[in-house]
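Below, read A as the first sequence line, B as the second, and so on, with proteins coming before strands; counting in each chain starts at 1.
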Number of protein chains: 2
Amino acid sequence: MSSALAPEALTTGPGPSAGRRPEKTEAILDAAGHLFREHGYGAVSMDQIAREAGVSKATVYAHFESKDRLFAAMIHGACRAYAEGLMPAATEMEDVRAALTRICREIERFLLAPKTLGIYRVIMAEGPRFPELVQSFIEAGPLPFRKMLAEFFEAANRRGALKVPNPQLAAHQLVWLVRGPLYLERMLNLKQPLWDEQSVDEVVAGAVDMFMKGYAPDARD
Amino acid sequence: MSSALAPEALTTGPGPSAGRRPEKTEAILDAAGHLFREHGYGAVSMDQIAREAGVSKATVYAHFESKDRLFAAMIHGACRAYAEGLMPAATEMEDVRAALTRICREIERFLLAPKTLGIYRVIMAEGPRFPELVQSFIEAGPLPFRKMLAEFFEAANRRGALKVPNPQLAAHQLVWLVRGPLYLERMLNLKQPLWDEQSVDEVVAGAVDMFMKGYAPDARD
DNA sequence: GTCTATATAGAGATAGAC
DNA sequence: GTCTATCTCTATATAGAC
């Protein structure tokens with residue numbers, strides 16, 4: 001299932017890195033990641049990648065069997081970044097509102113960062129051509145984070161700090177209350193942003209407010 | 001600004017449709033729309049478009065100056081569909097919860113439909129290459145709808161039916177409370193959907209519930 | 001493994017007949 | 001305007017020297 005993203009299957013050659021210089025692998029991956037995220041898969045040529053990486057095109061093909069495989073490797077790296085960038089978000093022993101605020105800030109910081117948006121842009125654009133890659137990405141990134149949020153809500157339920165009937169739905173709601181209002185303008189690089197700099201705080205605060213009003217234990221329902 | 005989407009600027013030739021047969025224009029636009037939405041801009045060739053439209057490639061170029069212009073014309077059509085598909089959503093003289101439920105159903109029906117998702121997919125993918133087109137699309141579709149929602153909330157505020165301090169933010173929140181939970185799985189065509197068929201109703205109901213708890217006039221704060 | 005130079009295929013766009 | 005046949009450029013991928 002996630003074999004398409006297994007690291008050892010992504011580079012070329014017989015043995016494990018038979019003489020390839022890791023620094024060049026890294027440089028190629030960096031260049032590919034930057035260019036793919038910025039301009040999309042189809043619009044980027046292997047020549048550009050080689051040039052930006054400071055190597056020849058033949059070297060690129062010595063490290064990665066094809067453009068497809070290089071793309072897969074780049075997405076694989078993004079999954080690791082996802083896990084590292086967003087996972088340590090929740091701790092239980094804390095005021096709920098403070099914890100939610102911190103989580104929402106993390107969501108804003110990571111999910112709306114240019115790098116993450118670039119990954120999503122290219123995944124959504126090329127998804128139909130790489131279905132197994134999409135599945136791997138979802139299972140490595142967004143789903144574990146939703147699951148962790150749901151578990152956080154369940155723990156808060158047990159403590160009586162929240163009253164969340166459907167933790168999975170609530171996880172999606174919290175994520176999108178923060179992400180949604182800023183999503184289009186960041187994803188599309190709008191010249192006239194819908195929100196100014198300080199409005200980001202309003203979006204975060206609005207998300208926490210609405211979530212608390214919806215799921216605070218003393219709310220009528 | 002929106003000149004890139006002006007209908008008269010999108011087809012080829014000197015006079016207004018100097019001898020071109022509208023049915024073929026329509027067929028080409030339909031084929032282009034379908035293919036672009038399904039596979040993206042770069043992955044679709046003018047040959048494929050011509051074949052699917054049942055005309056020759058030269059005919060395509062007789063109707064549309066270039067692939068770029070054909071793409072722009074297709075986005076233009078999508079803007080009209082956006083306005084027609086989502087605009088008559090709100091009426092004032094109605095129970096607020098019922099109106100919100102109806103609006104949310106419309107959001108689910110239109111914004112999460114395969115056709116709309118395809119447009120968003122290709123707009124986000126090719127946005128960097130067509131910045132003025134992105135601007136036109138946003139101004140013709142999402143922004144007016146947000147504005148209409150905000151005005152609906154303001155009217156409800158005046159009637160005392162709601163208490164919405166920031167109508168613009170609330171508009172985004174409502175849209176994404178419905179759209180968000182279903183967005184990734186539909187946008188990426190996940191094989192194992194996160195929600196089953198009946199859960200869509202739960203998402204809609206959950207959005208209305210949360211919105212009402214957040215902005216009902218008798219809410220504490 | 002890494003480079004320069006090249007093979008080959010495919011796509012956007014056009015020429016010329018009707 | 002519409003078709004068939006073609007031009008031309010670019011991109012993926014490879015051959016061969018070091």
Kindly compute the distance separating [atom1] ([X]) from [atom2] ([Y]), expressed to the nearest 0.5 Å.
| X | Y | atom1 | atom2 | result |
| --- | --- | --- | --- | --- |
| I28(A) | M46(A) | CD1 | CE | 8.5 Å |
| Q173(B) | Y215(B) | CD | OH | 3.5 Å |
| L70(A) | K67(A) | CG | NZ | 9.0 Å |

Margin query: Holding to ring pair (Phe, Tyr, Trp, His ring centres under 6.0 Å), I want the full list of residues that pass it with F130(A), two or more places apart in sequence or in another chain.
Written below: Y41(A), F71(A)
Note to self: Tell me every residue that passes ring pair (Phe, Tyr, Trp, His ring centres under 6.0 Å) with F153(A), counting only those two or more places apart in sequence or in another chain.
What the structure shows: F211(A)
Next item on the list: Taking only the side-chain nitrogens and oxygens of T59(B), find out if one of them lies under 4.0 Å from OP1 or OP2 of dG1(D).
Entry: no
Tell me which donor-acceptor pairs under 3.5 Å the side chains of residues 175-183 of chain A have, and how far apart each pair is, sequence neighbours excluded?
unit_1: W176(A); atom_1: NE1; unit_2: G180(B); atom_2: O; d: 3.0
unit_1: R179(A); atom_1: NH2; unit_2: Y120(A); atom_2: OH; d: 3.4
unit_1: Y183(A); atom_1: OH; unit_2: Y183(B); atom_2: OH; d: 3.1

Checklist line | Results of salt bridge (charged side-chain N to carboxylate O under 4.0 Å, His left out) for E23(B) - residues two or more places apart only | finding: R21(B)
Item checked: Pair Q135(A)-E139(A), side-chain hydrogen bond (donor to acceptor under 3.5 Å, both in side chains): steps then yes or no -> CA-CA 6 Å; Q135(A) 199 70 31; E139(A) 286 169 12; 3.3 Å; yes
Next item on the list: For DNA chain D, find the residues of residues 31-40 of chain A with a heavy-atom distance under 4.0 Å and give them by number; none if there aren't any.
Entry: none
Item checked: Footprint string (nucleotides 9-15 of chain C, 5' to 3'): B base within contact, S backbone only, - free, heavy atoms under 4.0 Å -> --SBBBB
Item checked: Value in whole Å for how far the C1' atom of dA13(D) lies from CZ of F71(A) -> 19 Å
